[in-house]
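First the structure, in the form of structure tokens, and then the observations on it.
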Amino acid sequence: MSQFKEWTDNIQHMKPEQLQGYLESFSALGPIPGIAAPFLESLLPFLPLLLLIAANANIYGLGPGILYSWIGVSSGCILIFWLSRKLGGGFRKWLQRKFPASARFFDWIESRGFTPIFLLACFPFSPSVLINIASGLTTVPMRTFATAILMGKGVMITSVSLLSFNIANVFDAPWRIVLAVSCLFLMWLLGKRLEMRFQT
């Protein structure tokens with residue numbers, strides 16, 4: 001346990017180039033570290049997700065880096081949702097008694113379904129683990145949650161990867177910035193269409 005704590009502490013305090021070098025030291029394992037590191041961040045939110053995504057893009061290349069980060073992050077979110085739903089029990093009622101304002105959040109998630117989960121998943125600084133747990137405590141179907149997470153995290157990871165891949169040359173390729181913003185807007189439009197489908 002002490003070794004694991006030491007490992008997480010080291011990662012937390014690494015500079016971007018140090019983290020990338022550390023992950024590259026496991027290159028013999030192929031894509032496993034690129035998937036495992038973002039997956040662990042879903043369970044341990046104090047790990048630096050944005051740096052892990054950036055490192056994946058620069059270690060594996062833009063396309064594979066996005067794919068590995070997406071698989072790892074999405075799998076972790078869906079696991080947390082599933083565990084919350086299976087083990088939550090009366091936790092929601094306790095939260096609503098202890099923090100009455102939380103009832104409005106649960107009602108918002110249940111009434112709007114896809115859209116709030118998708119939008120929150122798009123933002124890199126949203127408290128992902130809390131959203132996953134809260135969603136698991138609602139009646140939102142697994143299919144709706146999984147679709148919103150896969151799409152939302154896809155937007156976030158693609159945007160971060162585009163902006164951080166070979167970051168020294170990002171302003172020499174402004175199309176990457178335009179594409180990142182366009183990706184967010186188009187996925188939002190698609191999310192609205194899917195929300196109407198889920199609500200019918």
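Residues N56 and P38 meet the side-chain proximity criterion, which asks for heavy atoms closer than 4.5 Å. Side-chain atoms of L67 and P64, non-hydrogen and from C-beta on, never get closer than 4.5 Å to each other. Using a 4.5 Å cut-off on side-chain heavy atoms (C-beta onward), I32 and F26 make no contact. Counting heavy atoms from C-beta outward, F114 and M151 have side chains that approach closer than 4.5 Å. Looking only at side-chain heavy atoms (C-beta outward), I71 and K153 stay at 4.5 Å or farther from each other. When side chains are defined from C-beta on, L23 counts as touching L52, because their heavy atoms get closer than 4.5 Å. F145 places a side-chain heavy atom less than 4.5 Å from the side chain of N132. Residues S42 and S128 are not in side-chain contact: their nearest non-hydrogen atoms beyond the backbone lie 4.5 Å or more apart.
Considering all non-hydrogen atoms of both residues, M156 and L49 come closest at CE-CD2, 3.8 Å.
The backbone N or O of I80 lies less than 3.5 Å from no partner atom in the side chain of S84, so there is not a single donor-acceptor pair. With hydrogens and angles disregarded, a donor-acceptor distance shorter than 3.5 Å links the side chain of W70 to the backbone of L150.
Under a 4.0 Å N-O distance rule, the pair E110/R92 qualifies as a salt bridge.
The side chain to side chain contact (heavy atoms under 4.5 Å, CB included) search around W82 returns L79, K86, M142, not counting sequence neighbours.
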